[in-house]
Each structure stands twice: as C-alpha cells, then as structure tokens.
Amino acid sequence: MPAEESSAARRGDRSRASSAISRALHPPLLAAGGAPLPAGLALRVRPAAGSRRPPVARSRTSGGPRSPRGGGARRLYEQARRAWDRPLTAYYLILGAGLLITVLGLVMVYSASMIKALELDKPGTYFFRKQFLAAVIGAGLMAAAARMPVKLHRALSYPLLMGAVFLMVLVQVPGIGMSVNGNRNWLYLGGPFQLQPSEFGKLALVLWGADLLARKQDKRLLTQWKHMLVPLVPVAFMLLGLIMLGGDMGTAIILTAILFGLLWLAGAPTRLFAGVLASAGLIAFLLIKTSPNRMSRLDCMGASEPGPGGSCWQAVHGIYALASGGWFGSGLGASVEKWGQLPEPHTDFIFAITGEELGLAGTLSVLALFAALGYAGIRVAGRTEDPFVRYAAGGVTTWITAQAVINIGAVLGLLPIAGVPLPLFSYGGSALLPTMFAVGLLIAFARADPAAKAALAMRRPGVRWKTMRRRVKKRPSGER
C-alpha cells in the first residue's frame with residue numbers, strides 16, 4: 001500500500017507540473033471582467049496581430065474580391081476619360097472628322113447632283129468630278145498646312161490678305177466679275193471653273209487678325225480699346241463692304257462671326273463687345289429691310305406652305321425632304337426631292353437630301369462629326385500658350401461652326417436662308433479649298449502641342465526601334 005500511494009502521488013505531481021507548463025505556454029483567454037471565456041466562445045476570438053492565418057483557397061464560383069460599387073460602369077468611364085484626355089485626342093478628332101465629313105460630302109454630292117447635271121445636258125458625274133478634283137487639291141493644301149511651322153503661317157497672313165482684297169476688287173470690275181444667282185462675287189477662270197474670292201477672305205481675316213492680336217498682346221496693348229479695335233475692325237469692315245457690293249449677305253454674316261470670335265478671344269470688354277455687336281446688328285437690319293429678296297427669306301422661317309408665287313418653295317421642300325427620310329432614309333440615291341422639286345440640292349440644301357436618303361441616323365452622324373471638330377478646335381485653342389495659335393484656332397473653329405449652324409438652321413426652317421454652303425460637305429471648290437487649308441491649320445496647331453509632339457515622336461519607327469534595341473541584352477557570340 002505505501003508503494004501504491006507513493007506512485008499515485010508521483011503521477012499527480014507530474015500532471016500538475018504539465019498543467020502548469022501548459023498554462024504558461026498558452027494562457028487562457030479572458031473576458032472583459034477577467035473571467036476565463038468558455039471553450040466554445042474561445043474559437044470565435046480573432047488571433048493576435050502578429051499571428052498569420054493559412055491562406056484560404058477561393059473557388060471561381062464562390063467569387064473573389066468584390067469590385068467597387070458600380071465597378072463595370074465606373075471602370076468604363078475612367079477608361080473613356082483617360083482616352084479623352086490623351087495628348088493626341090484633338091489631333092485625331094480634327095483629322096478624322098475633317099476627312100470623314102469630306103468623304104461623306106463627296107458621296108452626297110454625287111447622289112444629289114446627278115439629276116441636276118442631266119438637266120443641264122451634262123454627264124451624271126459632272127459635278128462630282130469637279131468636287132473630287134477640288135477635294136484632291138484641298139487634301140494637298142491640308143497636308144501642306146499641317147506640316148508648316150507656326151512662323152510660316154504667320155508670314156502668310158499679310159500676303160493672303162492683300163491677295164484676297166485684290167481678287168475681291170477684281171470681282172467688281174465689269175467684264176471680269178460675274179453674277180451667280182443674283183450675287184456678283186465670282187471670277188471666271190475659263191472653261192467650267194469659277195472662283196469666289198470672298199471664301200478666301202475668311203481665311204485671310206483669321207490668319208491676319210490672329211497675327212495682329214498676338215503681336216499686340218506681346219506688347220501688352222490689348223488693354224486699350226483703340227488698339228483692340230484698330231486696325232482689326234476697319235479692315236474687317238472693308239472686307240464686308242467688298243462682299244456686300246456683290247450682294248452676298250450670307251458670307252458677310254460668316255465674316256462678322258469670325259470678327260466677333262477674335263474680339264471675344266482677345267478679351268474685349270462687355271461694353272465694347274456689345275457696342276460692336278449693336279452696330280453690326282443695325283447695319284444688318286437696314287440691309288435686310290431695304291431688300292425685298294432678303295425680307296422674303298426672313299418671312300419663310302418656319303413656313304409649311306410654298307406661299308403665293310412659290311416664295312417659300314425651297315424652304316418648304318427642304319422640310320419635305322427631311323420629313324420623308326424617317327429613321328434610316330429611303331436609301332442612297334433614292335431621293336425624290338432632287339428630281340426638280342428642291343432647288344440647289346447639291347449646294348445649300350445638301351443636308352436636306354442627306355436627311356431624305358440617309359434618314360435621321362445620317363443627319364445625326366453629320367452633326368456629331370461637326371460637333372467633334374468644333375470641340376477639338378476649342379480644345380486646341382484652350383490648351384496652348386501661344387497667343388497666335390489661340391486666336392487662329394478659335395477663329396477657324398468659329399468660322400466652321402457658325403457656317404454649319406447657319407446652313408443647317410436654314411434647312412430646318414429655324415433660320416432664314418443665307419445661301420452659305422455646309423463646310424467640307426456641300427458642292428463648291430471655292431469653299432472647299434480654304435476650308436480644308438483651315439482644317440490643316442488646326443492639325444498643325446494640335447501637333448505643335450508639346451505633349452502631342454512627344455507622343456508623336458514616340459510613335460516614329462526609328463525611335464521605337466532604338467528604344468527596343470536599348471532594352472535587348474546582348475547575347476554571347478556562341479549563343480543562339
């Protein structure tokens with residue numbers, strides 16, 4: 001018995017010692033009051049900060065880490081915003097929109113002018129061939145303007161202005177100038193070719209006005225109203241007078257819009273801007289009031305009937321063409337209004353034929369292209385540090401946007417018919433050539449931006465090859 005008691009005592013001592021060692025190595029978890037937690041609750045307590053959990057394998061079906069709220073739409077928005085803010089966005093918008101408008105305009109000129117050409121005993125492709133030739137020459141001018149440095153553009157401003165004024169004076173010389181649709185604004189060049197110098201007057205005013213304002217800004221003279229107005233406003237009024245001698249009020253309106261755009265960009269005070277605007281409005285009112293033809297055009301705004309004597313025939317049939325197009329149009333070449341019903345279907349009212357043959361989808365596409373071109377021009381003007389680039393880009397954007405709004409507004413019956421073509425779209429080489437040169441100006445200004453210049457330099461094959469060659473490690477001579 002004493003031996004059994006002594007062995008039991010030794011076993012008890014060993015169990016108490018092992019329990020003490022276990023408590024020392026693994027202290028019990030305590031509650032807030034200091035009492036030990038039950039065994040079942042101890043499993044739910046988080047491990048200490050220094051401890052690590054074994055990685056838990058996640059199946060693809062059970063789902064990985066959750067994306068943020070609205071993750072798909074938010075990610076697409078961020079990607080679109082980053083793409084929109086890239087340095088070459090304006091460059092690609094101007095180049096792409098300008099070329100797409102021109103190509104689509106060639107297609108619509110061919111479709112809208114076939115019947116008119118046959119009425120004049122000409123081949124069906126007569127007007128299209130002339131427009132295609134002008135587009136090829138214009139593409140060369142656009143490429144040349146896009147490659148010219150800014151200094152060369154500034155150097156061309158004065159010769160271009162003097163040449164435009166000289167040609168506009170020649171228009172008024174009997175035997176040299178000729179009248180088209182009641183407006184004496186054309187020069188006969190021989191054969192089927194004619195030239196309208198007032199279209200080049202728009203480009204001349206943009207370049208010359210931008211150079212003038214940039215030089216005055218460098219000398220800090222634009223804070224004085226006389227330096228802001230003189231000689232910009234007198235020269236613009238001289239061009240307007242030469243244009244109005246021929247009776248072309250539509251071109252005069254575009255030239256006035258360019259003048260106001262330049263004054264706005266130069267920071268003209270509100271009182272000065274309002275004064276010039278009031279003067280131009282008063283002159284326009286007098287010119288419209290004293291001309292029965294212009295008054296009849298004003299009366300045709302929103303007309304739904306041709307009226308007595310067919311005075312609103314063109315405006316009403318333009319609405320008919322748009323209304324019959326539907327969502328997707330009657331098909332390319334299937335217009336009914338171009339069969340003698342709608343006058344000037346390939347020039348001033350080509351947008352109506354576009355709506356009839358291509359429908360609402362076609363007209364909205366044209367509007368979207370003009371909106372993209374206008375946005376890119378504003379972006380170029382707003383991001384540059386060069387005052388000449390800012391004024392010239394703003395002037396070109398004002399010119400193209402204002403002319404598109406006036407032409408489309410007249411076709412929709414929202415504005416009086418001004419007789420101006422749709423830029424880059426309507427038939428007419430005299431309007432197409434300076435407009436494509438102006439688009440080349442915008443491309444040159446977009447390329448001149450430092451960030452865009454660096455991005456374009458990285459895309460050259462030589463630069464990319466040198467960069468890749470530096471990254472490749474040289475191999476030993478025996479290694480394959």
Side-chain angles (χ1 to χ4, degrees), residues 96-139 180-181 192-194 306 310 312-373 403-404 407-413 417 419-433 435-436:
L99 291 179
L100 284 175
I101 294 173
T102 305
V103 172
L104 184 57
L106 286 173
V107 174
M108 292 311 304
V109 164
Y110 176 65
S111 176
S113 64
M114 286 190 298
I115 308 303
K116 186 71 174 178
L118 294 176
E119 288 179 357
L120 299 174
D121 294 330
K122 303 288 185 182
T125 59
Y126 174 74
F127 293 105
F128 170 75
R129 286 182 294 175
K130 292 178 64 177
Q131 186 73 356
F132 182 78
L133 177 61
V136 171
I137 299 174
V180 177
N181 295 331
F193 299 103
Q194 303 166 354
C312 298
W313 182 273
Q314 188 175 14
V316 170
H317 278 272
I319 297 295
Y320 290 168
L322 289 172
S324 60
W327 289 99
F328 300 103
S330 57
L332 193 62
S335 169
V336 175
E337 291 293 331
K338 68 182 180 184
W339 287 77
Q341 298 296 323
L342 180 64
E344 308 298 333
H346 58 300
T347 55
D348 300 347
F349 272 69
I350 192 171
F351 189 76
I353 303 298
T354 304
E356 184 180 6
E357 295 187 351
L358 302 183
L360 182 64
T363 55
L364 290 181
S365 300
V366 175
L367 291 177
L369 290 173
F370 276 109
L373 186 61
Q403 188 164 329
N407 177 275
I408 296 174
V411 174
L412 295 176
I417 300 174
V420 296
L422 189 58
L424 302 172
F425 201 84
S426 296
Y427 169 79
S430 296
L432 184 63
L433 294 180
T435 308
M436 293 192 74

Any heavy-atom pair between the side chains of Thr363 and Leu358 that's under 4.5 Å?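 Sidechains of Thr363 and Leu358: no contact.
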Does any non-hydrogen side-chain atom of Arg129 lie less than 4.5 Å from one of Leu133?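 With C-beta onward as the side chain, the pair stays apart.
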Give a yes or no answer on whether the side chain of [X] reaches the backbone of [Y] with a donor-acceptor pair at less than 3.5 Å.
{"X": "Asn407", "Y": "Asp348", "value": "yes"}
{"X": "Ser111", "Y": "Val107", "value": "no"}
{"X": "Lys338", "Y": "Gly333", "value": "yes"}
{"X": "Gln403", "Y": "Pro421", "value": "yes"}
{"X": "Glu344", "Y": "Phe349", "value": "no"}
{"X": "Glu356", "Y": "Gly329", "value": "no"}

Shortest non-hydrogen contact between [X] and [Y], atoms and distance:
{"X": "Thr347", "Y": "Ser426", "result": "O-OG, 2.7 Å"}
{"X": "Ala117", "Y": "Pro123", "result": "CB-O, 3.2 Å"}
{"X": "Phe425", "Y": "Val109", "result": "O-CG2, 3.7 Å"}
{"X": "Ile350", "Y": "Gly105", "result": "CD1-O, 4.4 Å"}
{"X": "Leu424", "Y": "Met436", "result": "CD2-CG, 3.7 Å"}
{"X": "Gly124", "Y": "Leu118", "result": "N-CD2, 4.2 Å"}

Residues, nucleotides or ligands: over 12 heavy atoms within 6.0 Å of Phe132 CZ: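 No, not enclosed.
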Do other residues, nucleotides or ligands put more than 12 heavy atoms under 6.0 Å from Lys130 NZ?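 Check passes, neighbour count above 12.
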Hey, could you give me the [atom1]/[atom2] distance between [X] and [Y], rounded to the nearest 0.5 Å?
{"X": "Leu422", "Y": "Phe370", "atom1": "CG", "atom2": "CZ", "result": "4.0 Å"}
{"X": "Glu337", "Y": "Leu322", "atom1": "CD", "atom2": "CG", "result": "9.5 Å"}
{"X": "Leu104", "Y": "Leu99", "atom1": "CG", "atom2": "CG", "result": "12.5 Å"}
{"X": "Ile101", "Y": "Thr435", "atom1": "CD1", "atom2": "OG1", "result": "10.5 Å"}
{"X": "Cys312", "Y": "Ile319", "atom1": "SG", "atom2": "CD1", "result": "11.5 Å"}
{"X": "Gln341", "Y": "Trp313", "atom1": "CD", "atom2": "CH2", "result": "5.5 Å"}

In terms of ring plane angle, is the pair Phe127 and Tyr427 parallel, tilted or perpendicular, where the classes change at 30° and 60°?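 Correct class here is perpendicular.
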Consider side chain to side chain contact (heavy atoms under 4.5 Å, CB included). Of Val136, Leu106, Thr102, which one does Gln131 pass it with? Leu106
